[in-house]
Amino acid sequence: MLAAILQKPGVITIEKIKTPAPSRGEIVLHIKAALTCGTDLKAFRRGHYVIPMPGVFGHEFSGIVAEVGKGVNRFKEGDPIMSVHSAPCLACRYCKKRAYNLCENIMNTKVLGAFSEYLLLPPRVVRQNVFHKPKNISFEEAAFLEPLSCVLHGMSSINVKKDDSALVIGAGPIGLLHLLLLKEKGAKVAVSDKHNNKLQIAKKLGADFVLISKGYFSPSPAPLSVLDIPSPLVGESKGEGFPGFDYVFECTGTPEVWGSSVNYLRKGGTLVLFGGCKPGTTVTYDTGRIHYDEITLRGVFHFTPADVKKAYKLICSRTLGVSRLISGRYPLTKIQKVFDKLTRGEGIKYAIIP
Ligand SMILES: [Zn+2]
Ligand SMILES: [Zn+2]
């Protein structure tokens with residue numbers, strides 16, 4: 001079969017590799033759609049510690065069951081399915097505490113290689129996180145199961161209500177999924193990014209305000225008024241500066257933005273830190289903001305099987321219109337071109353159709 005191999009930063013080749021065969025409990029999936037994601041782009045640009053190079057990559061996918069191993073009863077050859085690329089072990093101390101997203105084995109057993117013709121799904125994933133794809137859901141929509149599970153996990157620990165105000169920093173695919181979910185909850189949402197073309201997409205997707213950031217936000221406590229946010233967003237702020245958002249979602253994964261994000265919260269607000277930074281980076285916060293203003297810093301990572309079920313239902317309900325985030329479709333052989341585009345900041349998310 002053909003597979004995209006990330007050779008080194010900036011270089012992808014298409015290689016012929018052995019088509020997988022299923023052992024007991026496994027499924028071999030014929031990929032029908034695989035989506036690019038911010039993590040793939042990070043790996044392409046500078047390498048990523050969870051994506052070994054050279055190696056196959058891609059982890060957002062859907063497809064048709066090509067072959068099942070012994071003991072797989074819920075699925076058979078020819079079934080259209082949607083799936084995520086990981087599942088918890090159910091045996092480690094985190095799994096025993098039901099913190100399944102923190103499972104000690106979840107990352108080292110994850111599946112990579114969706115930018116290929118076929119993909120092998122291990123028993124753990126087959127048992128917990130594979131679903132039948134309804135007919136009216138396209139393979140592209142179905143492939144949103146993984147990123148949507150991540151975003152739903154981040155939202156599961158907070159309680160966004162109608163008319164709450166939120167700032168989403170970063171208008172990439174993850175930031176825009178946050179936007180769609182927040183609008184679904186009736187929140188007032190501002191989106192910030194340094195690329196104007198992405199902000200125009202955010203506007204089309206329902207952002208109440210879009211804010212162009214010159215480079216990144218200032219790491220020093222910048223006055224909120226520099227954002228020039230219209231006051232109706234949060235009520236009676238006229239004349240005394242902007243009181244800040246109820247929620248800020250950091251979706252850029254850069255320490256500078258992690259640091260400055262707290263400055264855009266109201267007292268008692270919550271910062272959701274979604275974007276993962278390079279390992280070893282650090283951030284400094286004003287203790288007064290955290291203490292006297294009771295700011296909550298909320299780190300979020302990955303997802304649990306419960307989040308995947310929620311994401312599955314949401315995709316099947318088609319309420320979010322996730323396919324609007326797809327900027328284009330390309331065959332597997334054009335994948336280098338797709339990542340070159342993403343590197344230039346062109347487009348949000350591409351579908352690779354092998
Ligand atoms: Zn992803
Ligand atoms: Zn575990």
Side-chain angles (χ1 to χ4, degrees), residues 4 6 31 33-45 47-52 55-63 82-116 119 121-125 127-129 139-155 170-178 180-181 249 251-253 274-277 300-308 311-312 314-315 320 322-323 325-327 335 338-339 342 347-352:
L6 185 57
I31 301 284
L35 307 180
T36 63
C37 142
T39 309
D40 303 326
L41 180 61
K42 272 186 212 166
F44 175 78
R45 291 171 70 169
H48 198 294
Y49 70 105
V50 299
I51 301 181
V56 293
F57 69 130
H59 59 271
E60 300 180 4
F61 56 88
S62 67
M82 44 210 281
S83 172
V84 294
H85 69 309
S86 72
C89 74
L90 306 181
C92 73
R93 56 188 163 153
Y94 293 103
C95 283
K96 292 214 168 96
K97 285 188 184 299
R98 295 169 176 259
Y100 299 113
N101 58 312
L102 302 179
C103 168
E104 286 173 337
N105 304 302
I106 202 164
M107 287 317 276
N108 53 25
T109 57
K110 70 188 184 309
V111 180
L112 294 177
F115 300 135
S116 315
L119 186 67
L121 301 178
R124 185 188 287 179
V125 172
R127 278 196 303 270
Q128 299 180 66
N129 283 337
F139 284 103
E140 283 170 24
E141 285 171 281
F144 275 90
L145 189 63
E146 196 270 344
L148 190 59
S149 298
C150 284
V151 177
L152 282 172
H153 177 73
M155 292 260 180
I174 288 295
L176 294 178
L177 276 179
H178 276 89
L180 293 180
L181 275 171
F249 296 87
C251 302
T252 74
F274 191 101
C277 302
V300 294
F301 174 68
H302 212 63
F303 47 79
T304 67
D307 298 314
V308 182
Y312 175 67
L314 200 50
I315 288 174
L320 295 182
V322 288
S323 58
L325 300 189
I326 303 279
S327 309
I335 190 166
V338 168
F339 277 91
L342 287 167
I348 302 296
K349 210 169 176 63
Y350 291 89
I352 303 292

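All values derive from a computational prediction rather than experimental measurement. Start at 1 and go down the list; that is how both ligands and their atoms are numbered.
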Inset, instruction - Measuring from the Zn ion (ligand 1), name the closest N, O or S atom belonging to E60. - result: OE2

Legend entry - Shortest non-hydrogen contact between L145 and M82, atoms and distance: CD2-C, 4.0 Å

Inset, instruction - Give the minimum heavy-atom separation between A142 and S62, together with the two atoms involved. - result: CB-CB, 3.7 Å

Legend entry - Opening angle at the Zn ion (ligand 2) [SG, C89; SG, C95; to 10 degrees]: 120°

Legend entry - N/O/S from D40 sitting under 2.8 Å away from the Zn ion (ligand 1): no

Legend entry - Heavy-atom check, side chain of D40 versus side chain of L35, under 4.5 Å: no

Inset, instruction - Indicate the ring-plane relationship of F57 and F115, choosing parallel, tilted or perpendicular according to the 30° and 60° boundaries. - result: perpendicular

Inset, instruction - Check whether any N, O or S atom of H59, backbone or side chain, sits closer than 2.8 Å to the Zn ion (ligand 1). - result: yes

Legend entry - Metal site angle (apex the Zn ion (ligand 2)), SG from C103 and SG from C92, 10 degrees: 110°

Legend entry - From NZ (K349) to CG (L176), nearest 0.5 Å: 10.0 Å

